[in-house]
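Structure record follows, encoded as structure tokens.
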Amino acid sequence: MSGERLLELDNVSKFFPIGGFFSRAKMTAVNEVSFALETGRPEIFTIVGESGSGKSTLAKMILGSETADRGTIRFDGADIAGIRSRSAREAFMTKVQPVFQNPFEAFNPLTRIDEYLFSTAHRFKGAASRADREALADTALQRVGLSLAEIRGRYSHELSGGELQRVAIARALIPEPKLIIADEPVSMVDASLRMSIVNLFRELRDTLKVSIIYITHDLATAYYIADRVIIMRKGIVVESGDARTVLDNPQHEYSIALKNAVLPPDPREASAIIRQRQQDAVTLTPRQIVSA
Ligand SMILES: Nc1ncnc2c1ncn2[C@@H]1O[C@H](COP(=O)(O)OP(=O)(O)OP(=O)(O)O)[C@@H](O)[C@H]1O
Ligand SMILES: [Mg+2]
């Protein structure tokens, strides 16, 4: 079904009130953003931008937890503003699943984590029997490199951040979504485990044919996995396109600055660059550093 749109954003904007209760002033968190993902062409679509550039607001609008003030968001051809009933919302959530930044916030510390998977299997797949729920949970866990046997009966504090984020991803996989929206999914994960999670997204794209909107301010992981990328600044898309083209040859001064800040994922290469930068800083005069 190539050529049809899985997700289409058309001039989407979001404004937030500023300046207190009686003020009418508004700030533009997301400013006329447009892009589309095609059906039948799974990809990792990366949104990069500094803090406050509107990435999470954009993600929330796609997930339907914030409404767009202007523009339209269509999923599978239907305007998501039309999703009002509980059953329509459930049907939408079967196809679009989130993965959040902090897995420790996503799981109640007093609830066993397997119970989350079982209830997701019940809610979205109608798995009525214990055996069916366990089978769905185990299949999803295996896809992220875990198994039900490993997490059965355990609580969130008994797992590492990286393991727990894998469980969160497994949970998102149970409804068999067409799109996963992952907002800063590795920023709370230990640096040494980040790449394994990022690689997992690639694997899921290839094996499950799921598209992933990967949101990050970390250009190193963006560079590593993105198929396409948009770079946001102050709510505006300043650059967009094929990831290699944009990231290898940034045009906008902000994208160039981002590119220069990137460190390669290989720690040895990264530390060589850091050493070089430190040497450069020592050899530059203060005036040169200010104007650099
Ligand atoms: N509910 C809200 N009410 C008012 N302002 C908000 C709200 N949510 C976000 N904003 C503002 O909108 C702008 C964009 O915020 P957003 O959280 O989307 O940025 P972000 O790119 O996700 O940043 P970060 O990298 O820090 O997560 C910011 O200036 C923020 O303060
Ligand atoms: Mg954010």
Side-chain angles (χ1 to χ4, degrees), residues 7 9-35 37 44-73 80-81 96-106 161 164-165 168-169 172 179-191 194 197-198 201 212-226 228-241 243 246-247 250 252-263:
L7 175 74
L9 276 77
D10 187 9
N11 283 305
V12 172
S13 298
K14 180 76 190 174
F15 312 109
F16 287 119
I18 44 168
F21 193 72
F22 296 104
S23 164
R24 284 202 195 162
K26 291 191 170 172
M27 59 85 66
T28 308
V30 172
N31 196 346
E32 301 194 346
V33 170
S34 301
F35 65 82
L37 271 62
I44 298 178
F45 186 89
T46 301
I47 303 174
V48 191
E50 65 189 359
S51 185
S53 56
K55 307 182 297 296
S56 294
T57 305
L58 197 53
K60 285 177 194 159
M61 288 192 284
I62 298 169
L63 286 162
S65 61
E66 288 275 10
T67 51
D69 291 320
R70 284 210 200 125
T72 49
I73 302 175
I80 67 163
V96 183
Q97 279 284 314
V99 172
F100 297 110
Q101 180 171 16
N102 188 344
F104 290 98
E105 277 175 9
L164 203 56
Q165 195 59 300
I169 296 166
L179 179 63
I180 289 177
I181 300 180
D183 189 355
E184 305 271 8
V186 295
S187 61
M188 306 289 288
V189 172
D190 193 86
R194 271 182 207 162
I197 302 246
V198 162
F201 284 128
I212 294 158
I213 294 184
Y214 173 68
I215 297 173
T216 186
H217 58 258
D218 171 22
L219 213 62
T221 55
Y223 196 85
Y224 187 66
I225 62 162
R228 283 193 300 153
V229 65
I230 60 175
I231 298 182
M232 289 186 70
R233 188 180 198 200
K234 296 182 180 164
I236 295 170
V237 174
V238 293
E239 224 164 312
S240 67
V246 170
L247 297 170
H252 191 278
E253 67 178 88
Y254 173 66
S255 329
I256 294 169
L258 265 176
K259 165 93 198 249
N260 289 339
V262 73
L263 291 173

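Start at 1 and go down the list; that is how both ligands and their atoms are numbered. Numbers here simply count residues along the sequence, with the first being 1.
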Show the distances, to 0.1 Å, for all pairs joining an N/O atom of ligand 1 and a protein N/O atom that are shorter than 3.5 Å, listing one pair per line.
| residue | atom | partner | partner atom | Å |
| --- | --- | --- | --- | --- |
| ligand 1 | 18 (O) | Ser56 | N | 3.4 |
| ligand 1 | 18 (O) | Thr57 | N | 2.9 |
| ligand 1 | 18 (O) | Thr57 | OG1 | 2.5 |
| ligand 1 | 19 (O) | Gly54 | N | 3.3 |
| ligand 1 | 21 (O) | Ser53 | N | 3.1 |
| ligand 1 | 21 (O) | Ser53 | OG | 3.4 |
| ligand 1 | 21 (O) | Gly54 | N | 3.1 |
| ligand 1 | 21 (O) | Lys55 | N | 3.0 |
| ligand 1 | 21 (O) | Lys55 | NZ | 2.9 |
| ligand 1 | 22 (O) | Ser56 | N | 2.9 |
| ligand 1 | 22 (O) | Ser56 | OG | 2.9 |
| ligand 1 | 23 (O) | Gly52 | N | 2.7 |
| ligand 1 | 25 (O) | Lys55 | NZ | 2.7 |
| ligand 1 | 26 (O) | Ser51 | OG | 2.6 |

Please step through side chain to side chain donor-acceptor pair (under 3.5 Å) for the pair Asp218 and Thr221, ending with a clear verdict. CA-CA 6 Å; Asp218 171 22; Thr221 55; 3.1 Å; yes

What's the verdict on side chain to side chain contact (heavy atoms under 4.5 Å, CB included) for Arg70 and Asn11, showing C-alpha distance, side-chain angles and the deciding distance? CA-CA 7 Å; Arg70 284 210 200 125; Asn11 283 305; over 6 Å; no

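Minimum interatomic distance between Ile212 and Phe201 (heavy atoms only, all atoms of both residues): CD1-O, 3.4 Å. Heavy-atom minimum distance, Thr216 versus Glu184: CA-OE1, 3.7 Å.
With Lys55 contributing its side chain and Val48 its backbone, the two residues share no donor-acceptor pair below 3.5 Å. Remark: the backbone N or O of Pro185 is paired with a side-chain donor or acceptor of Gln165 at under 3.5 angstrom.
For a distance bound of 2.8 Å, the N, O or S atoms of Thr57 include none lying that close to the Mg ion (ligand 2).
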